[in-house]
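Contents: one structure, followed by commentary.
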Amino acid sequence: MGNGPIVIGLDVGTTKICAVAGEVGSEGIQVLGMGTSESRGLRKGIVVDIEAAVESIREAVQRLEESSSVQAGAVYVGIAGGHIKSFESYGTAPVKGRDITSEDIQRALEAAKAVYVPLDREVLHVIPKEYIVDGQEGITNPIGMSGVRLEVKVQIVTGSVSAVQNLMKCCERAGLKVIDIVLEPLASSLATLTEQEKQEGVVMVDMGGGTTDIAFYRKGVLSYTSVIAIGGNHVTNDLAIGLRLPLQEAERLKKTYGSALPSSRDEKVEAVLGSGERVSLPVDCLTEIINPRCEELFELIKAELINTGIYEEALYGAVITGGGSLLNGIDKLAEAVLGMPVRLGKPRDVALFTGNLSDPRYSTGIGLLLYGSESESPPIEYTDAFANIFKRMKRWVAGWFRK
Ligand SMILES: Nc1ncnc2c1ncn2[C@@H]1O[C@H](COP(=O)(O)OP(=O)(O)OP(=O)(O)O)[C@@H](O)[C@H]1O
Ligand SMILES: [Mg+2]
């Protein structure tokens, strides 16, 4: 370990909790270790049992600490779930005929943020999409430009106050400080998408256990995000119900023999019923159950992309990540249903780590690490995250311009 700042990402997923630590150095991030645990106390991305969730977080953090010499103190934690909403806003600031400075940008962003947000919702991110200087559109970095009027178009991401507070409560009870709360699809995108994809239009699909998160990037900026309440666990449930199998056995069969695409295989697989009895099943009967559920998911995604006008703009198609993307044939099925190119996304290389990080289940965790490392300064510790949105915005903006 060197002397660089240590950043810790915490992905509190529905299936697993993943804590990952990295050291920020001049040549990038060195991943120091990772700890995972089975997730308990969460449903569809939100906390439903605080005690159970705290225990799971503690377990993952303890494993991280055992696997590295890192003492976990403050974390970047991911948030997801159906309560997340995002909308476009717009702000403006007079410049008074001198060069535009970062303070002018802050004022324009503050104005964009001054929109009505219901009391039960909290602003999580204010993402600048483009700047307009004296009517000139499409500016990505206005600092140093001359002008008298600065305008900014932003995407505001909000979450339910209670969901945010419960997540923070869990982290704090597990002995962790929360530095920042980061939208999970944003984190997964950081870990899996290329700059070119983000510039030219790409849809990131993170298929988790309880939900599937969607993020759309164009011109390098996150411009749409949503959550579909179907994930890999629904596929497992369908198998368990359809074949009258215990959930664990359905999960095993899905992972070992399951496929999203029909095949002409004439194989049989052995399944163990709840009674302990062993039965032989044609492998195709798994696909007959898995295929319609996956088709349904991608039909829903396609309908959403069409309704929001994104469909035509996603020139680079879609990138699928998350544990659900490990299902055999899911990329081919997605390509057929969506009618666009699809590739599988894994966390891209983050420096020197001996363990296997190149697993789509870790995209969010690695992405949180990347997000934390791109913050302007080493993690600032504070507990009152709600009062500090402006501080967070400043960091975001600084990170934005460094690229
Ligand atoms: N080899 C595999 N084949 C098929 N599915 C798999 C495989 N490995 C994991 N999965 C599925 O991936 C899902 C879990 O994905 P992931 O770990 O990304 O979820 P999560 O982040 O905990 O959940 P969420 O993002 O919904 O909160 C589970 O439904 C699991 O069955
Ligand atoms: Mg996830």
Side-chain angles (χ1 to χ4, degrees), residues 9-20 34-48 52-53 56-57 59-60 77-84 159 163 167 170 182-192 204-215 225-240 245 247-261 286-287 289-291 293-294 297 319-331 333-334 344-347 356-368:
L10 182 70
D11 170 14
V12 185
T14 308
T15 314
K16 49 106 194 40
I17 314 274
C18 166
V20 51
M34 178 184 281
T36 57
S37 68
E38 192 191 324
S39 169
R40 291 175 298 269
L42 270 106
R43 268 197 62 205
K44 295 187 178 173
I46 54 173
V47 179
V48 291
S56 295
I57 294 174
E59 227 173 279
V77 64
I79 192 159
H83 62 99
I84 303 284
L167 181 63
C170 288
V182 183
L183 189 66
E184 296 213 337
L186 192 152
S188 305
S189 301
L190 278 180
T192 56
M204 194 284 311
V205 178
D206 182 342
M207 194 174 165
T211 59
T212 296
D213 299 341
I214 296 173
T225 174
S226 81
V227 178
I228 292 181
I230 298 180
N233 294 353
H234 295 80
V235 177
T236 306
N237 277 333
D238 291 351
L239 281 176
L245 295 171
L247 273 176
Q248 215 179 348
E249 180 65 353
E251 177 78 359
R252 183 187 73 84
L253 291 177
K254 177 182 84 169
K255 288 184 180 168
T256 324
Y257 309 105
S259 171
L261 286 176
L286 299 178
T287 309
I289 295 174
I290 296 172
N291 174 270
R293 181 60 100 166
C294 295
L297 170 65
V319 174
I320 312 182
T321 193
S325 72
L326 289 167
L327 182 67
N328 242 320
I330 193 85
D331 48 340
L333 176 100
L344 295 176
K346 293 177 183 165
N356 181 21
L357 288 177
S358 180
D359 183 317
R361 287 173 303 163
Y362 303 145
S363 295
T364 310
I366 301 283
L368 291 167

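Both backbone and side-chain heavy atoms feed into the values below; hydrogens, waters and symmetry mates do not. Counting starts at 1 for both ligands and their atoms, in listed order.
Side-chain N or O atoms of Asn291 include one that pairs as donor or acceptor with a backbone N or O of Ala260 at under 3.5 Å. Checked by atom type and distance alone, the side chain of Ser56 pairs as donor or acceptor with a backbone atom of Arg40 at under 3.5 Å. Without hydrogens or angle criteria, Thr225 side chain to Ile214 main chain gives a donor-acceptor distance under 3.5 Å.
Distances between N or O atoms of Asp206 and those of ligand 1 include no value under 3.5 Å. Every N/O-N/O distance between Thr236 and ligand 1 stays at or above 3.5 Å. The shortest N or O to N or O distance between Arg361 and ligand 1 is not below 3.5 Å. The shortest N/O to N/O separation between Lys255 and ligand 1 does not fall below 3.5 Å.
No side-chain N or O of Lys346 forms a donor-acceptor pair with one of Ser358 less than 3.5 Å apart. Between the side chains of Ser363 and Asp206, not a single donor N or O lies within less than 3.5 Å of an accepting N or O. Under the 3.5 Å distance criterion, with hydrogens and angles disregarded, no donor-acceptor pair is assigned to the side chains of Ser39 and Thr15.
Within the 4.5 Å cutoff, the side chain of Leu326 has heavy atoms near those of the Pro360 side chain. No side-chain heavy atom of Asn237 sits less than 4.5 Å from a side-chain heavy atom of Arg293. Side-chain contact between Arg252 and Glu249 is present, with heavy atoms from C-beta onward closer than 4.5 Å. Side-chain contact check for Lys254 versus Leu327: some heavy-atom pair is nearer than 4.5 Å.
Of all protein heavy atoms, the one closest to atom 1 (N) of ligand 1 is Leu326 CB, 3.6 Å. Among protein heavy atoms, the minimum distance from atom 26 (O) of ligand 1 is reached at Gly210 N, 2.9 Å. What sits closest to atom 5 (N) of ligand 1 on the protein, heavy atoms only, is Lys254 CE, 3.6 Å. Nearest protein heavy-atom neighbour of atom 29 (O) of ligand 1: Asn233 OD1, 2.8 Å. Scanning the protein heavy atoms around atom 19 (O) of ligand 1, the nearest turns out to be Gly209 N, 3.2 Å. The protein heavy atom nearest to atom 30 (C) of ligand 1 is Glu251 OE2, 3.2 Å. With respect to atom 21 (O) of ligand 1, the closest heavy atom belonging to the protein is Lys16 NZ, 3.1 Å. Atom 25 (O) of ligand 1 has as its closest protein heavy atom Gly208 CA, 3.7 Å.
Atom numbering of ligand 1 starts at 1 in the shown order; those under 4.0 Å from a heavy atom of Gly322 are 18 (O). The atoms of ligand 1 that sit less than 4.0 Å from any heavy atom of Thr211 are 26 (O). Ligand-side atoms of ligand 1 in range of Gly232: 29 (O), range being under 4.0 angstrom from any heavy atom.
Nearest residue to atom 16 (P) of ligand 1 from Ser259, Gly323, Gly365 is Gly323 (criterion: closest heavy atom).
In this structure, Gly324 has a heavy atom closer than 4.0 Å to ligand 1.
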Test log, rule side-chain contact (heavy atoms from CB on, under 4.5 Å), inputs Arg361 and Thr36
CA-CA 11 Å; Arg361 287 173 303 163; Thr36 57; over 6 Å; no

